[in-house]
Amino acid sequence: MNALVNFTKIFKFNGGVHPPENKAQSTQLPIGQLPLPEKLVLPLRQHVGNMPKIKVSVGNKVLKGQLLAEAEGAVSAAIHAPTSGTVTAIEDAIIPHPSGLPDRCITITPDGKDAWMKRQPQDWRNADRKTLVASLRLSGIVGLGGATFPTHIKLRADGKSDVHTLIINAAECEPYITCDDMLMRERADEIVKGIEIAQYLLGAKKVLIGIEDNKPEAAAAMQAATANTAMQVIIVPTLYPSGDARRLVHLVLGTEIPHDKRSTEVGLQVFNVATVVALRRYFELGEPSLNRIVSMTGNVNQPQNFEVLFGTPLPHLVKAAGGAKPDTTHYIMGGPMMGFDLPDEMVPITKAANCIIAASPTLFEPPPPAMPCIRCARCADACPVNLQPQELYWFAKSDNFEKANDYKLFDCIECGACSYVCPSNIPLVQYYRYAKSEIIAIDKAHEAADLARERNDFRLARIEREKLERAQKHAERAQAAKTEATPETNSHTDAGDAQKSAKQAAITAAIERAKAAKAAAGIAPKNIADAGENVKKEIAEIDARRQAVGIEKPAIDKDKQAKIAAAIERAKAAKAAAAAAKQNTEKKD
Ligand code: SF4
Ligand code: SF4
């Protein structure tokens, strides 16, 4: 262990646990190579961020390294053909994700030639950083420590940088996982070349390489490879989760990155050891991200690390590791602390797959039933983020998300150290994941509601604006028409007068026609008016002539008298009607 003598001060973080390492099983053999599988299934979403945009169609012939899908949006990563062959499907397929849901995948059937496209290495030492960072977007490189954050996002697009220290994460603290260990043992020189590129891109003055003290061969290899450089290998104690970027920063520098800040805001950047190898291959060999080292371990006959093409079906890898033992129940992707059960054996290997563990009841005993919390606070002692896991558990369990937020739920890195030490076997991390997903869903719903409200306000404002514009136009048109119509006002008046005269003439004609009709009926207006008097005069004249000739007045004929009275009444009524008709006609005029 002489190689691991560490003269650098280490700053221990709070908490942490030391579960059984189980690393030796997969470090007995060198990194193995796999034969080409019969097909490669490449999920489009192998990284954090947007799904990339497909650039090929079914039936297309592709060469090794050819772009299949380009990064779409700010946070996204490209996908390339891991070998030459034919695109035989673009469809939904089961992917290695805890949800178990299918997602879009491109299937390539290899032609067996493994024929490369034209590779274009770059003279990165003599290129400006801005150009190199822009080019990196085409590389498909993501963080290979498991986070899968697109690497070009970790560098400023303008090529400038505020980073003074680059920290290479080679801690690999999770049990069973040994891919970084084997990479350092076998390819330390390549790692150093990759670190030089990362250092150049970031403009970092200082490089620190953090390795846990349970990897003496790897640490020795790295110390040898960095002997003539200013890079410094720092051996850190084996304590889970020292591989968490913030914990590693604390270990090697004693710097606590505020929970609401990114590491670059305090002048630090952390790259995984495998990621810098991908950088070296991209810039110095012109090879995009096509494969990674995967630990195939657990309940298989020959645990080993393999260099695996992305898209390789899991059974192909299991077979290369001597096959799974009969009591294998399922497979875990990642380590036993932070990994997840794969939904199906037929999933492809992706950029996030640093380790596959074949699980059996012997290796992973079914957890005993959870018991009530006894408030022992062991979880708080183990928490590397200084949270209160038992409080978070209560708030998550009771759907008190506001309180969970107050207790910094989102600072939880889901390391599982609390669950690991809990004597009541409470699956604490599951409660935290549930609460986080609920809070995210609520936030999204609020965002959607706010957006809908904004859209509605905008719509109402637009309608109001259009209404005002229409009213204004109408007013302008009316004003214009009024101005133009002024000389024509007299002609309008003349027309009105003519209309009025015509109306008057019609009324007069109607009166005349009524008079004529009345005259035709023997009731001339004048006679009507004086009809009663005339009849009386006639009777008086007749009576006088009778007396003059000595003729007696005849007895009054009652019928005749009634008829005369009726005639008088009709005459009166006709007179009244004529007077009313005249009055009405005068009013209308
Ligand atoms: S370790 Fe488990 S039992 Fe103890 S306080 Fe935490 S949650 Fe409760
Ligand atoms: S899972 Fe979260 S709460 Fe539990 S120990 Fe890790 S950081 Fe702390």
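Note that the structure is a prediction, hence the values are computed from the model and not measured. Just follow the structure's listing: the first ligand is 1, and inside any ligand the first atom is 1. Position 1 is the first residue of the sequence; numbering continues from there.
S419 does not count as a contact of ligand 2, since none of its heavy atoms falls under 4.0 Å from the ligand. The closest approach between a heavy atom of A382 and any atom of ligand 2 is not below 4.0 Å. Under a 4.0 Å heavy-atom criterion, L428 is not in contact with ligand 2.
Remark: ligand 2 atoms within the under-4.0 Å shell around heavy atoms of I413 are 7 (S). Close contacts of ligand 1 with Q390, meaning ligand atoms under 4.0 Å from a residue heavy atom, involve 5 (S), 6 (Fe). Within ligand 1, counting atoms from 1 as listed, the ones closer than 4.0 Å to a heavy atom of P423 are 1 (S). Atoms of ligand 2 lying under 4.0 Å from any heavy atom of V385, numbered from 1 in the order shown and given with element: 7 (S). Taking a cut-off of under 4.0 Å to the non-hydrogen atoms of C376, the atoms of ligand 1 that pass are 1 (S), 3 (S), 4 (Fe), 5 (S). Heavy-atom proximity to G416, at under 4.0 Å, picks out these atoms of ligand 2: 1 (S), 6 (Fe). The contact set between ligand 2 and Y432, taken as ligand atoms under 4.0 Å from a residue heavy atom, comprises 3 (S), 4 (Fe). Listed by number with element, the atoms of ligand 1 under 4.0 Å from a non-hydrogen atom of R375 are 5 (S), 8 (Fe). With ligand atoms numbered from 1 in the order given, ligand 2 contributes 5 (S) to contacts under 4.0 Å with heavy atoms of P384.
If you check the side chains of S26 and T178, you find a donor sitting under 3.5 Å from an acceptor.
Side-chain contact between K23 and N214 is present, with heavy atoms from C-beta onward closer than 4.5 Å. Between M337 and C415 there is no side-chain heavy-atom pair separated by less than 4.5 Å.
Ring pair Y431/Y393 is perpendicular by interplanar angle, where above 60° counts as perpendicular and below 30° as parallel. Between F11 and H250, the angle of the ring planes goes over 60°, which puts this pair in the perpendicular group of the 30/60° scheme.
The side-chain tip of R129 points at the ring of Y200 from less than 6.0 angstrom away and within 45° of straight on.
Considering each of C379, P389, C415, the one bringing a non-hydrogen atom nearest atom 6 (Fe) of ligand 2 is C415.
Residue contacts with ligand 1 for C418 are absent, since no atom lies close enough (heavy atoms, distance under 4.0 Å).
Annotation: atom 8 (Fe) of ligand 1 to nearest protein heavy atom, C373 SG, 2.3 Å. Protein heavy atom at the shortest distance from atom 3 (S) of ligand 1 is I374 N, 3.4 Å. With hydrogens left out, the protein atom closest to atom 2 (Fe) of ligand 1 is C422 SG, 2.4 Å, a heavy atom.
Between M184 and A218, the shortest heavy-atom distance links the atoms CB-CB, 3.7 Å. The two residues Q33 and F306 come nearest to each other via the heavy atoms N-CD2, 4.4 Å.
Here C412 reaches atom 2 (Fe) of ligand 2: one of its N/O/S atoms is less than 2.8 Å from the metal.
In the displayed structure, Q28 atom CD is contacted under 6.0 Å by more than 12 heavy atoms of other residues, nucleotides or ligands. Counting non-hydrogen atoms of other residues, nucleotides and ligands closer than 6.0 Å to CD of E391 gives a total above 12.
A salt bridge does not link K408 to D411: none of the charged side-chain nitrogens sits closer than 4.0 Å to a carboxylate oxygen.
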